[in-house]
**Q** 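Take a look at the following structure, please.
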Amino acid sequence: MNREFYARDAEIVAKELLNCLLVRTSEEGTVVGRICETEAYTQDDCASHSFRGCTPANHTMFGEPGLVYVYFTYGMHYCANVVTGIPGSGEAVLIRAVEPLEGLELMLLRRGLSHGTRLAIGRTLCGGPGRLCQAFGIDRNHDGTDLVSGGPLKIYQSTSIVCDSDIAKSRRIGVSKGVDFLRRFVVAGDRYTSRVEK
DNA sequence: GGAACGATTGAT
DNA sequence: TCAATCGTTCCT
């Protein structure tokens, strides 16, 4: 995916990221997942980290489109975003869930789940932004890394683009402000989303 | 310097 | 439904 793909409105990118492949390489191995749930955040949105301007913690969000913005929350979880829009616009797409495709052993190991746990291959492995980051070994060291110019994280175009009628929109999860915006996008009926859409 | 608060998760 | 857990932000 080139930089022009990311240099568009967060809502557009959030929808087009559905069914794209998220790939994480490391010395431990490679893990791949199919993105099935995203959320859009813009600077004029009171629920967005960028709403109150650029700070040391969120400055990646104001950088080049195609950068990875990783934040730490609730004292124990990381969440990964893709920066979108023109540089400085302060918008991003939160990647909330993927279908685990490759490197399941490594994901289970990183998540602290036993190998035999068949149940873990459902939404509990990568369904949710914190779980996804843990399974993919993503932390604050990845904040500011570039998806476009090479690095441990990459996103590849899906073979099957999700048509608009197959995208379900809903309220975003876990936000206390901007609750009425329909800026959460999931592949309709997908089994691997963080929860069933309302 | 201190307090309040999370774009969450897992256990009860 | 609720505790865990700590960096960031904002107020004094």
Side-chain angles (χ1 to χ4, degrees), chain A residues 6 9-15 17-18 22 33 35-63 65 67-85 89-100 107-114 116-144 147 153 155 168-186 191-198:
Chain A
Y6 300 105
D9 290 348
E11 275 202 32
I12 306 275
V13 178
K15 288 194 266 191
L17 279 177
L18 294 175
L22 177 64
I35 297 168
C36 61
E37 177 178 348
T38 59
E39 285 180 355
Y41 290 87
T42 54
Q43 197 184 6
D44 59 359
D45 170 8
C46 56
S48 174
H49 290 172
S50 57
F51 184 65
R52 300 187 185 282
C54 188
T55 68
N58 70 10
H59 84 277
T60 297
M61 232 181 136
F62 292 85
L67 294 185
V68 181
Y69 165 52
V70 181
Y71 65 87
F72 180 66
T73 191
Y74 288 103
M76 60 188 94
H77 300 297
Y78 297 97
C79 298
N81 297 251
V82 175
V83 177
T84 67
S89 60
E91 54 183 276
V93 172
L94 172 66
I95 303 176
R96 287 192 54 90
V98 305
E99 172 191 357
M107 294 190 205
L108 287 164
L109 181 69
R110 285 177 174 148
R111 291 272 294 121
L113 301 168
S114 65
T117 316
R118 286 279 161 182
L119 294 173
I121 313 295
R123 16 171 71 87
T124 52
L125 192 51
C126 298
R131 291 167 170 174
L132 186 158
C133 279
Q134 190 177 32
F136 277 62
I138 298 171
D139 58 32
R140 267 239 115 190
N141 291 317
H142 299 90
D143 181 61
L147 289 165
L153 287 164
I155 293 180
K169 300 178 198 178
S170 73
R171 291 176 160 83
R172 294 171 295 186
I173 309 291
V175 299
S176 57
K177 307 161 196 157
V179 292
D180 289 332
F181 290 122
L182 299 179
R183 291 185 178 169
R184 172 177 178 250
F185 306 97
V186 306
R191 175 188 159 200
Y192 295 95
T193 57
S194 63
R195 61 180 75 177
V196 183
E197 58 267 29
K198 288 197 304 284

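Labels below follow one simple rule: chain letters A, B, ... track the order of the sequence lines, proteins then strands, and each chain is numbered from 1. All values below were derived from every heavy atom in this structure, side-chain atoms included, with hydrogens, water molecules and symmetry-related copies excluded. Because the structure is a prediction, the values reported are computed rather than measured.
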**Q** Which pair of non-hydrogen atoms, one from Ile35(A) and one from Leu17(A), has the smallest distance, and what is that distance?
**A** CB-O, 3.5 Å
**Q** Looking at Ser194(A) and Ala97(A), what are the two nearest heavy atoms and their distance?
**A** N-CB, 3.9 Å
**Q** Would you tabulate the nitrogen or oxygen pairs shorter than 3.5 Å linking the protein to nucleotides 5-7 of chain C?
**A**
{"unit_1": "dT5(C)", "atom_1": "O2", "unit_2": "Tyr74(A)", "atom_2": "O", "d": "2.4"}

**Q** Pair up each side-chain donor or acceptor in residues 73-80 of chain A with any protein partner under 3.5 Å, not counting sequence neighbours, and list the distances.
**A**
none

**Q** Provide the closest heavy-atom pair for Thr60(A) versus Val83(A) in the form atom of the first, atom of the second, distance.
**A** O-CG2, 3.4 Å
**Q** Provide the full list of salt bridge (Lys or Arg N to Asp or Glu O under 4.0 Å) pairs with a residue in residues 53-63 of chain A, sequence neighbours left out, each pair given once.
**A** none
**Q** Just by distance, with hydrogens left out, do Gln134(A) and Arg111(A) show a side-chain donor and acceptor under 3.5 Å apart?
**A** yes
**Q** Under a 3.5 Å cutoff on both atom distances, Watson-Crick or G-U, what's the dot-bracket for DNA chain B ([ ] crossing, | other strand)?
**A** ||||||.||||.
**Q** For residues 46-55 of chain A, dump all side-chain donor-acceptor pairs below 3.5 Å to protein atoms at least two apart in sequence or in another chain.
**A**
{"unit_1": "Ser48(A)", "atom_1": "OG", "unit_2": "Thr42(A)", "atom_2": "O", "d": "3.4"}
{"unit_1": "Ser48(A)", "atom_1": "OG", "unit_2": "Ser50(A)", "atom_2": "N", "d": "3.1"}
{"unit_1": "Ser48(A)", "atom_1": "OG", "unit_2": "Ser50(A)", "atom_2": "OG", "d": "2.7"}
{"unit_1": "His49(A)", "atom_1": "ND1", "unit_2": "Tyr69(A)", "atom_2": "OH", "d": "2.8"}
{"unit_1": "Ser50(A)", "atom_1": "OG", "unit_2": "Gly90(A)", "atom_2": "O", "d": "2.7"}
{"unit_1": "Thr55(A)", "atom_1": "OG1", "unit_2": "Ala57(A)", "atom_2": "N", "d": "3.4"}
{"unit_1": "Thr55(A)", "atom_1": "OG1", "unit_2": "Asn58(A)", "atom_2": "N", "d": "3.4"}
{"unit_1": "Thr55(A)", "atom_1": "OG1", "unit_2": "Asn58(A)", "atom_2": "OD1", "d": "3.2"}

**Q** Which is the 5'-most and which the 3'-most nucleotide of DNA chain B that has an atom under 4.0 Å from a heavy atom of chain A?
**A** dG6(B) to dG10(B)
**Q** Partners of Arg131(A) by salt bridge (charged side-chain N to carboxylate O under 4.0 Å, His left out), sequence neighbours excluded?
**A** none
**Q** For DNA chain B, which residues of residues 90-98 of chain A approach it to below 4.0 angstrom with any heavy atom?
**A** Leu94(A), Arg96(A)
**Q** Is there any protein nitrogen or oxygen under 3.5 Å from a nitrogen or oxygen in nucleotides 8-12 of chain C, and what are the pairs?
**A**
{"unit_1": "dT9(C)", "atom_1": "OP1", "unit_2": "Thr55(A)", "atom_2": "OG1", "d": "2.3"}

**Q** Are the side chains of Asn81(A) and Val70(A) in touch, meaning some heavy atoms are under 4.5 Å apart?
**A** no
**Q** Are any of the side-chain heavy atoms of Glu39(A) and Phe185(A) separated by less than 4.5 Å?
**A** no
**Q** Output all residues satisfying salt bridge (charged side-chain N to carboxylate O under 4.0 Å, His left out) with Glu37(A), sequence neighbours left out; order by chain, then residue number.
**A** Arg96(A), Arg184(A)
**Q** Between Gln134(A) and Tyr41(A), name the one whose nearest nucleotide on DNA chain B is closer to the 5' end.
**A** Tyr41(A)
**Q** Who pairs with Arg140(A) by salt bridge (charged side-chain N to carboxylate O under 4.0 Å, His left out), at least two apart in sequence or on another chain?
**A** Asp143(A)
**Q** NA contact type, Arg183(A), heavy-atom cut-off 4.0 Å: base, sugar-phosphate, or nothing?
**A** nothing
**Q** Any heavy-atom pair between the side chains of Tyr192(A) and Val186(A) that's under 4.5 Å?
**A** no
**Q** If I compare all heavy atoms of Leu125(A) with all of Pro100(A), which pair ends up nearest, and what's the gap?
**A** CD2-CG, 3.8 Å
**Q** Under the side chain to side chain donor-acceptor pair (under 3.5 Å) definition, can you give me all pairs with a residue in residues 172-181 of chain A, not counting sequence neighbours?
**A** Asp45(A)-Arg172(A), Arg171(A)-Asp180(A)
